Structure formats: structure tokens, C-alpha cells
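Protein chains get the first letters and strands the later ones, always in sequence-line order, with residue 1 at the start of each. Note that the structure is a prediction, hence the values are computed from the model and not measured.
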Amino acid sequence: MPELPEVETTCRGIAAHLARATIREVIVRRHDLRQAVSPALAALTGVPLLAVRRRAKYLLFDLGPRHGHLLVHLGMSGSLRFAHPADAFKTHDHIALTLSNGQQLRFHDPRRFGLFLHLPPGADPLDHPLLRRLGPEPLSEEFSADTLRAACRSRTAAIKLVIMDAKVVVGVGNIYASEALFRAGIRPATSARALSAPRLARLVAGIRAVLSEAIAAGGTTLRDFLHADGEPGYFRQELLVYGRAGQPCRKCGAVIRQAVLGQRSTFWCPRCQR
DNA sequence: CGAACCTCCTGCGGGC
DNA sequence: TGCCCGCAGGAGGTTC
């Protein structure tokens, strides 16, 4: 489900409710996510939930210097939402953290591609094996036309696959890859190394713009994504190509096309993108 | 190293 | 209506 804007939206929604929150109770209803849920989770009763931040599509909860961190990934179908502790659990509500502020944070993930790990104190969570080798954040200065150009130099693969490679830049998933390439006027199947520096610069700008706008709109709700507080994201109506095969391009009227690239559906305008 | 392919899992919508 | 098939917002793994 979630790409960077949806994870960022979730992060902000949770952060707004964390002031002086402490974990009262940990409920683990299923352990078998992408990796087994850390057994140490159960011991976190009474531990403070100081802050939450995002790195790539991961959420990192700071439990304070004595307790380490929670590392959460929403996978394809995961979500984190607040509920009241008395509300009935839904199918696929796998983990719940009852907080001292009266709310309960629930991890819901039908496909169980997500992750919910406890990282012990002492180490920098960014050095965790899952995070250590990630590329730059797309909205940071470290991601630039130069870094993208360096990554593309040796790659014959389609540019869409390259911008979805988390070692090149993080957070760009299947929706926003198509959207960013439309904004840059580049066909998704173009070989990465065939692209000129100015075109890659436009692509960097396209990635930044589409992600920023999607965050401002609260993310994209395709079927079931909701913010931590239950609100949907409104970026779906701003999508220019994703999911629009057979419909007219919003810029030029040509029929939007769809093909499979690297096992994922890909959308583009044959006239606006060359 | 990179490219092409597969895998995990459940739910849903389309076609018959 | 019911059943089967293909597809879905991610990402790690294998093989060549």
C-alpha cells in the first residue's frame, strides 16, 4: 500500500498523539510477519514512546536510551491506526500498543509483508542491516541530478526500475515512479544510461515535486490506505497516469498506455513522454 | 556488479 | 450466483 508519502503521512499522524505517551500494554495477535515479531516486544510495558520518524518507507519509534527503538515497515498492505482499546479487533489487526493517553495504536496488515521489530538499545538504528545500505532521501539535498546520473551510468535497465531501486533513492514506489516520469517527459522503459544530464535533472525535479505534493494531500488512497487518525489521502485525484490506462492524458488528450516492467504495471502517455 | 525472475500473503474485481 | 484467474501501493532472494 504505502509509498513514501503514505508513510510520511502516517508518521505525522502518529507524532501528533505521542506527547508523553507510555506503553501500557503490548498485544501481539500474530507473530508471523515478513520476519517474526520480536519476542522482546512483550517486555515493553511501561516504556515511553518518545518520538517517531521516517527513514525511506520505515518508521522508527524512539523508546528512549534504555529501551532502543521499534522498526516498523508497512509492506504492501500495512497500516498503523489509532483505535480505542475497547474497540473490537479487525481481522489482520496483528499488533496493538495500548498507550497511557487512552489510545491504542494498531498494526493492521492483511498480506503480512510488513515488519514490526524491536531494536535493542545501544546501536544507532540507522546502522541496522535493513537501513544501512539505503540510498538518499528523495527530498534531501543528497539526492541530486549528479547522484542520479552516477547511478544511471552503468545501468542498461529501464529508468523506472532504477528510480524504484532503494539503493539509488528511497521511497519511490510503483505509483510515484510512473507519475514522476510523466512529469519529466520520460518513457518508463528508456534505458537509464541513455538519458542525458538535463533529462535526469528534470526527473529529480519530477520525483521531488510529486512526492511533496502527495504528502501535502495526505497521500494516495487507492483502496484502503487511511491516516493514523482514519482520514483518507486525497492525492488519487491528482494522479496523471497511474491507473489511467485507456483514458485521455490530462495534458494532451492522447490515450494513456499500460505495460509491465519488472513485473509491475507501468503507465505513461505516448505523446508527452519520449 | 547488474539483469531477469521468483517469492512471501490475502483480498478483490473481472470474466465466464 | 459462484468459481477461477490475475493482479495489487514492497522488497529480499536466487541464478546466470
(message) Between dG9(C) and dA4(B), how far apart are the two C1' atoms, rounded to whole Å?
(response) 22 Å
(request) Would you name the heavy atoms of Val168(A) and Ala151(A) that are closest together and state the gap between them? (result) CG1-CB, 3.7 Å
(request) Decide, applying a 5.5 Å centre-distance limit and a 30° plane-angle limit (both strict), whether Phe113(A) stacks on dG10(C). (result) yes
(message) Quiz question: going by heavy-atom distance under 3.5 Å, is there a donor-acceptor pair between the base of dA3(B) and the side chain of Arg155(A)?
(response) no
(message) Rounded to whole Å, how long is the line connecting atom CG of Asp93(A) with atom C1' of dT10(B)?
(response) 15 Å
(request) Measure from the ring center of His118(A) to the ring center of Phe116(A) and say whether it is less than 6.0 Å. (result) no
(message) Does a side-chain N or O of His73(A) approach OP1 or OP2 of dA11(C) to a distance below 4.0 Å, or not?
(response) yes
(request) Compare all side-chain heavy atoms of Leu4(A) with those of Tyr176(A) and state whether any distance is below 4.5 angstrom. (result) no
(message) What is the distance, to the nearest angstrom, from the CZ atom on Arg111(A) to the P atom on dT7(B)?
(response) 14 Å
(message) Looking at Arg112(A) and dC9(B), is any side-chain donor or acceptor paired with a base atom of the opposite kind under 3.5 Å?
(response) no
(request) Could you state the atom-to-atom distance from NE2 of His94(A) to P of dC9(B) in whole Å? (result) 12 Å
(message) I need the CG-C1' distance between Asn174(A) and dA11(C), as an integer number of Å.
(response) 13 Å
(message) Checking side-chain polar atoms at under 3.5 Å, does His108(A) have a donor or acceptor matched by the opposite partner on Asp93(A)?
(response) yes
(message) If I take atom OH in residue Tyr58(A) and atom P in nucleotide dG12(C), what distance separates them, rounded to the nearest angstrom?
(response) 5 Å
